[in-house]
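Below is one structure; the comments refer to it alone.
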Amino acid sequence: MPKTSNFSGVVPTPKNNDSFEEFISSFPEYLKTESIDQLRQQEYGRLDRLGHVYLDYTGGGLYSEKQIEHHTNLLVENVFGNPHSTNPTSRAMTDLVITARDRVLEFFNASPEEYVCIFTQNASGALKLVGESYPFGHGDTYLLTFDNHNSVNGIREFARSKGATVHYTPVLPPEMRMDEEKLVNFLDFKKTGGNNLFAFPAQSNFSGVQHSLDWIEKAHERGWDVLLDGAAFTPTNRLDLSKVHPDFVTLSFYKLFGYPTGVGALIARKSVMSKLHRPWFAGGTISVASVQGDTYYLHKGAEGFEDGTLNYLSLPAVTIGLDHISAVGYETIHTRVQCLTGWLLDKLGGLRHSNGNPVVKIYGPLEMKDRGGTIACNFFDKSGHFIDHMLVETQANKQNISIRTGCFCNPGGGELALGISADELTSCFALRPNMEYNDFRQCIDDKSNGAVRISVGLVSNFNDVSKFYDFAAEFVDKDGSQI
Ligand SMILES: Cc1ncc(COP(=O)(O)O)c(C=O)c1O
């Protein structure tokens, strides 16, 4: 398969903003990432042609035009059948499925002796596989950080239904990092069952905090299995599974390279996989099943976890996407994201109304150490009252700026950052048996019930973040009624 990107040559540098010089003097490493400007021009031209300021990379990555071209050519020039057979068209497809599976392991430096790659619909599908198959029982514990996506939170329902105990370990505002003492206490807590799972995100989709991967080994040493949610981390950070050895890694490929949607992976450690019990069998997952004999045998390895027919035509696009990221280079992507996020943090953090009140409050670290390219914040008017995050989004929409608002499916992170207490939530939920999001908003209307999220990624440039800063500066000296 051809490599996706070839973007050497003269590099255009965005000079249409006065502050670019100032930015470069603070973040000179940005200049080492100029190859991405060329890439953006050649393969993501639609962004600037259509005037989009895309700042929702944590929601979804963007695909390059070449990725689509390569994938389309592959489909147009070949005949592919369902890989569950041995006929020529099926065989051709099977080969590409094997290539994609191997490429995923290679990309994450995961030894095939140690790990398998199970294709799923998305990260949530991978998390559900763990939840429904992990052998939780009485005396076992599911431990997870407050800071988690709902698809990790949802595993608690599987754990509880099988009699396990669920514990949440907090993160501490304002930095939103792990409360290390509490976590160690939880990890040290004497367990009476044999199957205990600790789940945390490598990077928060709320605050951008990168939780230390050292917790994986610390948890292993204390007898835990570890689920690392890599969905928000892997788009701009290298995850090297020869250096860290979580038992389960979950991710969605569209977050890395935009296309295809509908494919994710559970990268599972073979030694722990053997203790998973699937609650059912399906087409594709069994080597033998019998009606009269009333029995079935699951495939060993990945196939035993892939229900029905894979999204097989999309899998070559995963290989193409991974090749694309490799060609651009994680170090380059990472450096660019660090520079742009660092600048935006400084600028937003320093934005003041004329009376000295801050315009923006950032939830999470203000420095770039151990954090990624996601910034969660709220806007405040001149008198210090928060501005509804949905109003901020509406204003951004008018300028073709794509951001995300709400709690980003990370309620624990949101509740801690926004100071919403367990008591408030309990009384709020007690009032309303059927709750819609607007009911929830009204229930805690004296506080902000969500935040604004800006996230940079693969082809972000200085213009994107400086346009967001200019947008934020429009809120200076506004009071609530003027917005
Ligand atoms: C940290 C994290 N985990 C899991 C998910 C779930 O991903 P998906 O919606 O692709 O299943 C997301 C999605 O935003 C995420 O950011």
Side-chain angles (χ1 to χ4, degrees), residues 54-63 104 118-132 144-158 168 171 176-178 197-213 215 226-237 239 246 248-267 305-307 311 314 317-318 321 337 363-364 370-376 402-414 416-417 450-458:
Y54 187 78
L55 292 169
D56 189 21
Y57 283 85
T58 304
L62 296 180
Y63 52 82
V104 172
I118 300 163
F119 285 119
T120 60
Q121 201 184 350
N122 44 34
S124 302
L127 290 159
K128 185 167 181 236
L129 271 183
V130 177
E132 69 182 18
L144 65 168
T145 46
F146 261 68
D147 179 14
N148 259 311
H149 189 274
N150 264 337
S151 302
V152 180
N153 289 324
I155 293 178
R156 73 184 187 208
E157 302 305 317
F158 287 115
Y168 273 100
V171 294
M176 306 296 289
R177 297 196 186 278
M178 304 267 204
L197 184 64
F198 170 48
F200 72 101
Q203 179 172 316
S204 170
N205 70 323
F206 185 92
S207 62
V209 162
Q210 293 178 343
H211 299 295
S212 169
L213 300 183
W215 289 112
V226 179
L227 189 174
L228 183 73
D229 179 5
F233 182 82
T234 49
T236 57
N237 304 277
L239 177 64
F248 307 106
V249 178
T250 52
L251 56 100
S252 280
F253 290 107
Y254 70 86
K255 291 204 190 282
L256 278 93
F257 36 76
Y259 175 85
T261 50
V263 189
L266 170 62
I267 304 176
F305 290 82
E306 292 170 343
D307 296 339
N311 187 352
S314 290
V318 169
V337 162
Y363 307 112
D370 298 330
R371 66 129 50 243
T374 302
I375 302 175
S402 292
I403 51 171
R404 175 92 183 259
T405 64
C407 265
F408 333 124
C409 287
N410 187 328
L416 291 185
V452 173
R453 184 178 76 185
I454 310 117
S455 52
V456 295
L458 180 54

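Heavy atoms only: backbone and side chains are in, while hydrogens, waters and symmetry mates are out. First listed ligand is number 1; within each ligand, the first listed atom is number 1.
Taking each heavy atom of Val171 and Phe146 in turn, the nearest pair found is N-CB, 4.3 Å.
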Query raised in the report: Passes side-chain hydrogen bond (donor to acceptor under 3.5 Å, both in side chains), Tyr254 versus Asn122? Steps please.
Result: CA-CA 9 Å; Tyr254 70 86; Asn122 44 34; over 6 Å; no

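Under the side chain to side chain contact (heavy atoms under 4.5 Å, CB included) rule, Tyr168 has a single partner from Leu144, Thr145, Asn148, which is Leu144. With respect to Val337, the side chain to side chain contact (heavy atoms under 4.5 Å, CB included) criterion is satisfied by exactly one of Val456, Asn237, Thr374: Val456.
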Between ligand 1 and the protein, which N/O pairs are shorter than 3.5 Å?
residue, atom, partner, partner atom, Å
ligand 1, 3 (N), Asp229, OD1, 3.3
ligand 1, 3 (N), Asp229, OD2, 2.5
ligand 1, 10 (O), Ser252, OG, 2.6
ligand 1, 10 (O), Tyr254, OH, 2.6
ligand 1, 11 (O), Ala123, N, 3.4
ligand 1, 11 (O), Ser124, N, 2.8
ligand 1, 11 (O), Ser124, OG, 2.6
ligand 1, 14 (O), Lys255, NZ, 2.8

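For Arg404 (side chain) and Thr58 (main-chain N/O), no donor-acceptor pair under 3.5 Å exists by modelled atom type.
Take Arg156 and apply the salt bridge (charged side-chain N to carboxylate O under 4.0 Å, His left out) test, not counting sequence neighbours, and it matches no residue.
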